[in-house]
Visitor: 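The structure that follows is given in the form of structure tokens.
Quick note on labels: first sequence line is chain A, next is B, and so on, each numbered from 1.
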Amino acid sequence: MPPVIAVENISKSYRLGSIGGSSFREEFSKGWKNLFRHSAPPAQEFWALKEIHFSIQEGEILGIVGRNGAGKSTLLKILSRVTAPTSGVVKIKGRIASLLEVGTGFHPELSGRDNIFLNGAILGMSKAEIRRKFDEIVAFSEISDFIDTPVKRYSSGMYVRLAFAVAAHLESEILIVDEVLAVGDAQFQKKCLGKIGEITSKEKRTVLFVSHHLESVRKLCNTALLLQNGKLITHGTVDQVLQTFLNEPTETHSSTFIRYPEKPLDQFHLQKIELLDEQGELKRTLQTWDYVRFRITFHSPRPLKSGAVNFHLNTPSGTRLLLASNSPEQSFTLNYREGTNQIDCVLSKLMLAAGHYLIGASLAVPNIECLYDGVDHALIEVQSKDIYDSGLAPHSHRALIPMDCHWELP
Amino acid sequence: MAQSPPPPHPNEPVEWTTIIGAHQGSWDWRLSELWNCRDLISLFVWRDFVSVYKQTILGPAWHLLQPLLTTLTFTFIFGKIALFSTGGVPPFLFYLSGTILWSFFSNCLLKTSNTFLSNSGLLSKVYFHRLSIPISTLFSTLIAFAIQFSLFLLVWIYFCFHENSIHPSLALLAAPVAILMIAGYALAGGIIVSAVTTRYRDLSIAIAFGVQLLMFLTPVIYPLSSVPSENQWIISLNPLTPIFELFRFSFFGGTPCSLLALGFSFFLLLLLLTVGLALFSRIEKTFMDTI
């Protein structure tokens, strides 16, 4: 089968530090030279992608997986032509539509009807095409009663429905979907996934899909691609690749020390999460029923009185097992300092069977504002421990939570 | 752990429709691709036009009120107090012609110069030919201008019947040329500024201020003929001067503007458009990384 996308040795570098030169004159002369020359090598650079080479066949539904900072979003941005690669070439056959965000270009003052046309055109549909599909889009969005109301009066759920309905009816041969389905209620998410599956099975469309929700990648995709630190690790069937991903030993993260990519200092963000033992030493391994102290280090651009840190723990398929908030639930006051802050979330007994889990933390002003969304999960591994002294350690493929129980005769 | 990557795709001939590469430099304009964006451009124009006056009572009537009120103020200040010469043209008509053409130029220039900054959210998520945005801005300001221009025409026709000094002539054919050249200058200036402001925000501040000053160096509220001859060269250096003179000449007659100056202005316009498109196509592929 012929390839529809051929990615040939794509690399992308970003300049680190401030953008702009030391003096206007220097910048001006450099810019003048650049006008007639190809791009100049940047001073200090960071390679978000390094020599990525692969091709996608027609009808392939490809899941792109990898940790934070692995280069997934950069790859999607290049494929959807939002930014250009530093070197290398991408060849595409057919129309390509990308859905990196729901409701791109929605205008709040315009009605739902008007926004269907506007958004459709932004995503690459012609007016005639939108007119033809209009009724279908409205029906899919389930908001036909509000179609003439300005979208600024919509609830966020209605907004997402309408936006996805437009995107789902794109007639492109290739569809690129970023983590957009993370918004919206569960039922609608299912409907969207179903719609994507339906289009692809019926129309032979090629789909590229990025999600942290490994279960939906497994369900939807037939092949997958694993990125790590900007490099392509493997490209194969979805089960194979997910297996590799979950077993991947990493250079930058050990299972007990998670470092987050650097972010601008004017944003709230996580810097690292460390897993410590009773003595405050970094744990080497994490086992079922261990005492563990999750030390969360984050950056705050300004002081903040009584902020919240929400620590959460999910299964790789996205089921939430723990959500701990210092405030308001547990009434533990934390005042953010400007700069680096630390707080420990202590679990005196880790009730998890051996296996892989995702952890993350978000920052918020309790009940008011989300400061950092915490969607970038990190993978940790719980190793088996023979808690019953029987040689049969609990494992997550049997049951997730080995509660402290024993047997007695009444 | 790493499995061997799948074999590179076979080298069979494939009809690629899109090839995305690194920088293709300053001369990769892809203007034919812009034609495929015509539906998008028309929707952008429609959106700009419709959304501005949502939740207003007067709606599009504002397009008429703005030049009318400006013209009345100018007629009062410059015509009755400062006693500026209008070269024999009725002051109201004279100031109206200057006001509508200048506000077309300045609105279009200022709006297109914000192309990247005010649309960065949209541009970072989806690809379409980036020139769609400045072009649609040009068209939506052109529509506003058309409304104001028809007001001007009505007033002009009224004066044709009631004033001996004004007669329609073949010179009217020059008016569209003047309007197109003004549109060209606004677009060229706008895309140059928009490309540079992705790295240096200074320019977006300077341009708003500069346009105000430029109005006084352009014959908007006075005819070139009323400028003392020893200072006329300063105003004549401005490439917009012959265009405004041409626009007035086509409706009011009088001394025609110098063809040499007009030719020079036209040449400069082509140069600016070329530089603008070159800068724009350099910046459009990677501006997301610097904005």
Visitor: Is the number of heavy atoms from other residues, nucleotides or ligands under 6.0 Å of B:L65 CG greater than 12?
Guide: yes

Visitor: Which pairs with one or both residues in residues 103-123 of chain A pass ring-ring contact (aromatic ring centres under 6.0 Å, His included), sequence neighbours excluded?
Guide: A:F106-A:Y159, A:F117-A:F134

Visitor: Taking C-beta and beyond as the side chain, do A:V89 and B:I20 meet within less than 4.5 Å on heavy atoms?
Guide: no

Visitor: Tell me, with the steps shown, if A:I96 and B:T18 meet side chain to side chain contact (heavy atoms under 4.5 Å, CB included).
Guide: CA-CA 9 Å; A:I96 191 162; B:T18 312; 5.7 Å; no

Visitor: So for A:L79, is it side chain, backbone, both, or neither that comes closer than 4.5 Å to the heavy atoms of chain B?
Guide: backbone

Visitor: Please state whether the side chain, the backbone, both or neither of B:L123 comes within less than 4.5 Å of a heavy atom of chain A.
Guide: backbone

Visitor: Could you check whether any side-chain heavy atom of A:L100 comes within less than 4.5 Å of a side-chain heavy atom of B:V126, counting everything from C-beta outward?
Guide: no

Visitor: Other residues, nucleotides and ligands only: do more than 12 of their heavy atoms fall within 6.0 Å of OH on B:Y53?
Guide: yes

Visitor: Looking at A:S80 and B:Y127, what are the two nearest heavy atoms and their distance?
Guide: O-CB, 3.1 Å

Visitor: Give a yes or no on whether the backbone of A:V82 and the side-chain of B:S124 come within a donor-acceptor separation of less than 3.5 Å.
Guide: no

Visitor: Where does B:R38 contact chain A at under 4.5 Å (heavy atoms): side chain, backbone, both or neither?
Guide: neither

Visitor: Using heavy-atom distances under 4.5 Å, tell me whether A:T104 contacts chain B through its side chain, its backbone, both, or neither.
Guide: both

Visitor: State which residues pass side chain to side chain contact (heavy atoms under 4.5 Å, CB included) with B:T115; sequence neighbours excluded, sorted by chain then number.
Guide: B:T112, B:I133, B:P134, B:S194

Visitor: Looking at A:E109, A:K127, A:K91, A:K12, which makes the most heavy-atom pairs under 4.5 Å with chain B?
Guide: A:K91

Visitor: So, using side chain to side chain contact (heavy atoms under 4.5 Å, CB included) as the criterion, who are the partners of A:E129 when residues are at least two apart?
Guide: A:R95, A:M125, A:S126, A:R132, A:E171

Visitor: Tell me, with the steps shown, if A:I122 and B:L122 meet side chain to side chain contact (heavy atoms under 4.5 Å, CB included).
Guide: CA-CA 9 Å; A:I122 286 172; B:L122 179 59; 3.9 Å; yes

Visitor: Where do A:P85 and B:G21 come nearest, in terms of heavy atoms and distance?
Guide: CD-O, 3.4 Å

Visitor: Sort out for me which of A:I176, A:L118, A:I10 touches chain B most, counting heavy-atom pairs under 4.5 Å.
Guide: A:L118

Visitor: Which atoms of A:S87 come close to chain B, meaning under 4.5 Å heavy atom to heavy atom: side chain ones, backbone ones, both, or neither?
Guide: backbone

Visitor: Do any of residues 39-49 of chain B come closer than 4.5 Å to chain A, heavy atom to heavy atom, and if so which ones, in number order?
Guide: B:D39, B:L40, B:S42, B:L43, B:F44, B:W46, B:R47

Visitor: Shortest non-hydrogen contact from A:R81 to B:R30?
Guide: NH2-NH1, 4.0 Å

